[in-house]
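Accompanying notes for the structure given below.
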Amino acid sequence: MIKAIRGFKDILPSETAIWQKVEGVCRKLFHSYGFSEIRLPLLEETALFVRSIGEETDIVSKEMYSFPDRKGLGLTLRPEGTASVVRAFIEHKMYARSQYKKLYYLGPMFRYERPQAGRSRQFHQIGAEVFGLAAPSIDAELLVLLHDLMVELGLSNTTFYLNSVGCQECRPVFKKVLLEYLDKKKGDLCFDCQQRLVKNPLRVLDCKNEACQSILQLSPSIVEYLCSACQKHYAEVKSLLSFYQLPFHQNDRLVRGLDYYTRTAFEIIHEGLGAQNAIVGGGRYDNLVESFGGPATPAVGFAIGMERVVLALQNQNIALDNQQRIFFVVLGDEAKRKVLPLVRHLRKKGFFIEMSYQGRSLKAQLKEANRFEAQYALILGEEELAADKIILKDMNRSIQEYVTMDKVEEILEGKMASFIKNEK
RNA sequence: GUGGGUGUAGCUCAGUUUGGAUAGAGCUCUGGAUUGUGGCUCCAGUGGCCGAGGGUUCAAGUCCCUCCACUCACCCCA
């Protein structure tokens, strides 16, 4: 039997409602914050990711789905979205039409990792990016948007973590100081951290190993080494968040895994998701556009891990919108002929209506109606046909009444209206 | 890439310790009890390459080997 390949999952009908809810809430909120959707290719030239994410990162060095196409061009299934948005921003000269640009995207990403809770090889992100704004107020606005999003989704137990990772001026200084400090304790660091020391010393900061953590207790902190411009930016972001009364934690060990980040870095953690508990990650990347040959353009953005948000919502048993359902019970071919146009008409009017397709017994069809969770069943058999009436049965209250054909729509509309009223 | 746990019906799981005859239960599904009135109850039925391959044995779901998948953690990240 052929099965889906490792780390690639079907999202089944029983789950899609919650996915649609997440997508819908995001889209609505993004639009009200002035973002427009951009749809991007899943395949890009490998060089795009190597140059943006960083050659030494795990993503690029061992997690990308890369292959040559039929003419030998190196292609890669996108492992993240920001690089493509930047590419498109430059390619279509979006900087020319306005001072700044707000874009969002959503779709699958691919990383060749070992699957575990909250991590698969194909996963989905919803991301947002703002180009052309250096002001700290946009950093803060993104965090406020995300906070609103959590509220709108009904997602609780989230924590916002904030840090500044400095810029090209001050980060190298901090890196040097940190390296000097860690080098002295090199022997006590875990094996992985000794590797990191060479490849990416900043990543030692968020190591989970206890020995490393205790060494880090006394290590220099990035916030002490920020240049005055970065310091000012960070202070203003925090001040605005306080003004918005948005709760957040400063975490000077928060480091982003992609090389392009500058200044503001943030993460949203959801407790109870297991080891992969970051549902949102993002930050500023002021040099990326320029490094790809575009005009110097500050930028800031984030990406939401959809699987993780969906998991968190499923754990919370989030209520989804209920819909009134109607089931049409039909007995005999003649009745069926009569019913088909009516069903079609009612569907056109927007009713959620199903019928029995297989000419089964009345009992079996009512069971179907049950399974369909119909609030109402319409029954048309030979007796009703002769009397030119239809039975309207209230499935919850087990009562039924006779209705003439031409009144069905009107009566159902009344029932639906009172249902919607009661829901509210 | 490394380590732990788990693979038996559509789903949830017994059975594997100590090898033994047609491999079980609950739920679901189909039909009936009730000729045209659902949910509850009762009865019956459908549904298994026991993850795959190899080995030991008179005999393997059960023991041994190899592989695969799922899962959790490391790692990494959203």
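Reminder, nothing fancy here: chain letters follow the sequence lines and each chain counts from 1. Just so it is clear, the values below take in all heavy atoms, side chains as well, and ignore hydrogens, waters and symmetry mates.
- The side chain of A:S398 approaches B:G38 more closely than any other nucleotide in the set B:G38, B:G31, B:A78.
- For A:A275, the listed nucleotide lying nearest its side chain is B:A73; candidates were B:C77, B:G39, B:A73.
- In this structure, A:K3 places its NZ atom 11 Å from P of B:G51, rounding to the nearest Å.
- At whole-Å resolution of the value, CD in A:E334 and P in B:G36 are 19 Å apart.
- Counting non-hydrogen atoms under 4.0 angstrom, A:R119 reaches a base of the nucleic acid.
- Residue contacts shown for A:G381 include a base, since a base heavy atom lies under 4.0 Å away.
- A cation-pi arrangement, defined by a distance under 6.0 Å to the six-membered ring centre and an angle within 45 degrees of its axis, is absent between A:K184 and A:Y181.
- When the P atom is compared between B:C65 and B:U28, the two are found 41 Å apart, to the nearest whole Å.
- Nucleic acid contact for A:I391: base, since at least one base atom lies under 4.0 Å from a heavy atom of the residue.
- A:I279 comes within 4.0 angstrom of sugar-phosphate atoms only, judged by non-hydrogen atoms across all strands, and of no base.
- Rounded to whole Å, the separation between the P atoms of B:G31 and B:U46 comes to 15 Å.
- For A:Y285 and A:E129, the side-chain atoms include at least one donor-acceptor pair closer than 3.5 Å.
- Toward the 5' end of RNA chain B, the nearer of the two residues A:C207 and A:A4, judged by each one's closest nucleotide, is A:A4.
- Taking only side-chain nitrogens and oxygens, A:R111 never comes nearer than 4.0 Å to OP1 or OP2 of B:C77.
- Cation-pi geometry between A:K102 and A:F35 is met: the NZ or CZ atom falls under 6.0 Å from the ring centre, inside 45° of the normal.
- Within the 4.0 Å cut-off from OP1 or OP2 of B:C76, at least one side-chain nitrogen or oxygen of A:R196 is found.
- A 3.5 Å limit on both hydrogen-bonding distances identifies B:A44 as the Watson-Crick or G-U partner of B:U30.
- In this structure, A:E382 reaches the bases: a heavy-atom distance under 4.0 Å links it to at least one base atom across the strands shown.
- A straight line from CG of A:N277 to P of B:C74 spans 10 Å, rounded to a whole angstrom.
- Within 4.0 Å (heavy atoms only), A:E63 reaches sugar-phosphate atoms of the nucleic acid but no base atom.
- Nucleic acid contact for A:Q400: base, since at least one base atom lies under 4.0 Å from a heavy atom of the residue.
- Side-chain contact of A:Y65 with A:R111: a donor-acceptor pair under 3.5 Å is absent, judged by distance alone.
- Spacing of C1' atoms, B:G53 relative to B:G61, comes out at 16 Å, to the nearest Å.
- Rounding to whole angstrom units, CG of residue A:L380 and C1' of B:U37 are separated by 15 Å.
- Side-chain proximity of A:R114 to B:U37, B:U2, B:A78: nearest is B:U2.
- Searching all strands for a Watson-Crick or G-U wobble partner of B:U17 with both distances below 3.5 Å returns nothing.
- Checked against B:G39, B:C29, B:A73, the side chain of A:R371 finds its nearest nucleotide in B:C29.
- In this structure B:G36 sits in no base pair that meets the Watson-Crick or G-U test at under 3.5 Å.
- Using the six-membered ring where Trp is involved, A:W19 and A:H124 have ring planes that are perpendicular, over 60° apart on the 30 and 60° scheme.
- Distance CZ (A:F110) to P (B:A78): 16 Å, rounded to an integer number of Å.
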Q: Start with the C-alpha distance between A:E141 and A:I138, add both sets of side-chain angles, then the distance that settles side-chain contact (heavy atoms from CB on, under 4.5 Å), and finish with yes or no.
A: CA-CA 5 Å; A:E141 187 179 276; A:I138 188 65; 3.7 Å; yes
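- Across all strands shown, A:A303 has heavy atoms under 4.0 Å from sugar-phosphate atoms exclusively, and none from any base.
- With distances taken from any side-chain atom of A:Q276 to the nucleotides B:G31, B:A69, B:C76, the minimum falls on B:C76.
- Look at B:A73: its Watson-Crick or wobble partner, with both distances under 3.5 angstrom, is B:U2.
- The partner of B:U66, taking Watson-Crick or G-U wobble pairs whose two distances both stay under 3.5 Å, is B:A52.
- The separation of B:U16 from B:G20, taken at their P atoms, amounts to 9 Å, rounded to a whole angstrom.
- Listed pair A:Q116 / B:A73 meets the phosphate criterion, a side-chain N or O lying under 4.0 Å from OP1 or OP2.
- A:R325 forms no cation-pi arrangement with A:F352, by the criterion of a distance under 6.0 Å to the ring centre and an angle within 45° of the ring axis.
- Taking the ring centre of A:Y112 as origin, the terminal cationic atom of A:R121 falls inside the region bounded by 6.0 Å and 45° from the ring axis.
- One P atom belongs to B:G36, the other to B:A23, and the distance between them is 38 Å to the nearest Å.
- Both distances falling under 3.5 Å, in either a Watson-Crick or a G-U wobble arrangement, occur for no nucleotide opposite B:A23.
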Q: Start with the C-alpha gap between A:R87 and A:E45, add the side-chain angles, then the distance that decides, and say whether salt bridge (Lys or Arg N to Asp or Glu O under 4.0 Å) holds.
A: CA-CA 11 Å; A:R87 193 221 78 233; A:E45 276 188 47; over 6 Å; no
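- Counting any heavy atom pair closer than 4.0 Å across all strands shown, A:K393 reaches a base atom.
- If you check every strand for non-hydrogen atoms under 4.0 Å, A:M109 touches nothing.
- Residue-level contact check: A:G127 touches neither bases nor backbone, having no heavy atom under 4.0 Å from any strand.
- At the heavy-atom level, A:E384 lies under 4.0 Å from base atoms of the strands shown.
- Looking at A:R308, its side chain comes within 3.5 Å of the base of B:C77 through a donor and an acceptor atom.
- Separating the CD1 atom of A:I399 from the P atom of B:U37 is a distance of 18 Å, rounded to the nearest angstrom.
- Distance A:L149 CG to B:A78 C1': 14 Å, rounded to the nearest Å.
- Counting any heavy atom pair closer than 4.0 Å across all strands shown, A:N370 reaches a base atom.
- For the P atoms, the distance linking B:G48 with B:A25 amounts to 15 Å, nearest Å.
- Comparing the P positions of B:A9 and B:G51 gives a spacing of 8 Å, expressed to the nearest Å.
- We find that NZ of A:K367 is positioned 7 Å from P of B:U30, with the value rounded to whole Å.
- A distance of about 33 Å separates the P atoms of B:A78 and B:U6, rounded to the whole Å.
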